[in-house]
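Take a look at the structure set out below.
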Amino acid sequence: MTQAMNSEPSPTLKEIFEMKKAEGKKEGKVEGRKEITISMLKEGLPIELISKMTKFSITEIWEMKKEV
């Protein structure tokens with residue numbers, strides 16, 4: 001009954017797989033940028049430059065710096 005009230009059809013298994021695959025790629029890219037950011041922090045590069053290069057906010061970079 002709930003599905004009848006919903007005007008959008010349920011996604012197919014293939015569509016769900018494609019959505020999850022896209023999410024995984026996006027998460028992988030973010031993790032890669034985090035690794036690069038941490039390397040830049042270890043090298044002592046200025047946080048403003050790291051922010052410009054990685055597109056992370058200065059606040060996000062400060063949080064990562066706490067973990068280094």
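- Taking hydrophobic clusters as Ile, Leu, Val, Met, Phe, Trp and Tyr residues chained together by side-chain heavy-atom distances below 4.5 Å, L13 does not share a cluster with M19.
- Put simply, the side chain of S51 never gets that close to the backbone of I47: no donor and acceptor are under 3.5 Å apart.
- To the nearest 0.5 angstrom, I16 atom CD1 is 15.5 Å from K21 atom NZ.
- Between E15 and S10, the shortest heavy-atom distance links the atoms OE1-O, 4.5 Å.
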List the atom pairs, with distances to 0.1 Å, where a side-chain N or O of residues 57-68 and a protein N or O form a donor-acceptor pair under 3.5 Å, not counting sequence neighbours.
residue : atom : partner : partner atom : Å
S57     : OG   : E60     : N            : 3.0
S57     : OG   : E60     : OE1          : 3.3
E60     : OE1  : S57     : N            : 2.7
E63     : OE2  : K66     : NZ           : 3.1

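- When every heavy atom of L45 is checked against every heavy atom of I50, the shortest pair comes out as O-CD1, 3.5 Å.
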Compile the donor-acceptor pairs under 3.5 Å between side chains in residues 22-32 and protein atoms, sequence neighbours left out, one pair per line.
none

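- Follow the hydrophobic side-chain contacts under 4.5 Å out from I38 and you reach I36 in the same cluster.
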